[in-house]
Amino acid sequence: MRNFIAPAMAGLAVAVPAFAQEAMFTQAATMPSPGSTIVRTQFMWYRYGSHPVAGTERTDVLEPSTIIAYGVDRGLAAYLDVPVSFVHEDTPDGGNGHEGLDNLDLMLKWRVYKHDSGGVDTVRVALLGGVEMSFEDEAAVHPKVGAVLTMVRGRHGFNVDAIYHWTTDGTEADNFGAEGPADALAMNTSYLYRIAPTQYTSESTGAWYVTAEINALYETNGDLELRWAPGLMYEGREFAFELMAQFPLWEDVDRRATLEFAVGFGFRFLF
């Protein structure tokens, strides 16, 4: 009986974190199983300072987004991201607001390495590739390519990604990061610590994590920005909830507004 229980408990431990410890702003080398779908909704509020090109004094962006991930095959998943922006700008001659759909984001994630060493412990690597298509300009297609490493050791989880964005249009006046005429390299690192439960048991149905991230964005015009992001996350078998925030850490930006702060929350559902 003991020989049977141990593998069963190990299988349960792997199954409990159904959303695979993916933090808010950093990719993970995990994905839904074949035929499964994850729907992720996020609601973010970003506040930016003065824009040196657009001449705005402050900009608030409310961005609800929906990301749909579908498991195409074992180790391969497709992602569709549809964000919507509500923007309010404070200008010297009076504020103004506008709204609209952001770029449609299509991406494939292909896992090229996986090593499960027991329990929840795992090391995985995935390649990322996709395009962003503008709703305003049908001819504007922005390719991107990257990779992500995920490592889980007991109660600790780590993710590191790097994604390069080629930009085929865009103006500096509308740029708040990877949206201008320059190409951009995004580099993100996340750490997750499982605060409860300390050990998985047959009664475990989910887990709570605290998260910490460093988010870097370099644009080929020379602008470089680092942000840090704390968070709290619950992951169950078919449902996840997340609270997130972002703050400036280090800035060397001359051609766009820098972030003052961002806060938000989100939900994930597995079908």
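Quick note: residue numbers are just sequence positions, from 1.
To the nearest 0.5 Å, the span separating CG on D254 from CG on D223 amounts to 5.5 Å. To the nearest 0.5 angstrom, H88 atom NE2 is 7.0 Å from D60 atom CG.
Ionic pairing of E260 and R58 is not present here: no N-O contact between side-chain nitrogen and carboxylate oxygen is shorter than 4.0 angstrom. In this structure, E213 does not pair ionically with R227, as no charged nitrogen and carboxylate oxygen lie closer than 4.0 Å. Between R255 and E219 there is no salt bridge, since none of the side-chain N atoms of the basic residue sits less than 4.0 Å from a carboxylate O of the acidic one. Using a cut-off of 4.0 Å between Lys/Arg side-chain N and Asp/Glu carboxylate O, E242 and R40 are scored as salt-bridged.
If you check the side chains of E63 and Q42, you find no donor sitting under 3.5 Å from an acceptor.
Within the structure, ring-ring contact (aromatic ring centres under 6.0 Å, His included) pairs that include any residue of residues 171-194 comprise Y48-F176, H51-F176, H156-Y191, H156-Y193, F158-Y191 (at least two apart or interchain).
Residue R256 is tested with E251, E172, E225 for a salt bridge (charged side-chain N to carboxylate O under 4.0 Å, His left out); the sole match is E225.
Pairing each heavy atom of Q246 with each of F25, the nearest pair is CG-CE1, 3.6 Å. Across all their heavy atoms, F241 and G266 have their closest contact at CD1-O, 3.4 Å. Scanning all heavy atoms of the two residues, the minimum distance from L192 to M233 falls at CD2-CE, 3.2 Å.
Within the 6.0 Å centre-distance limit, the rings of F265 and F43 are counted as a close aromatic pair.
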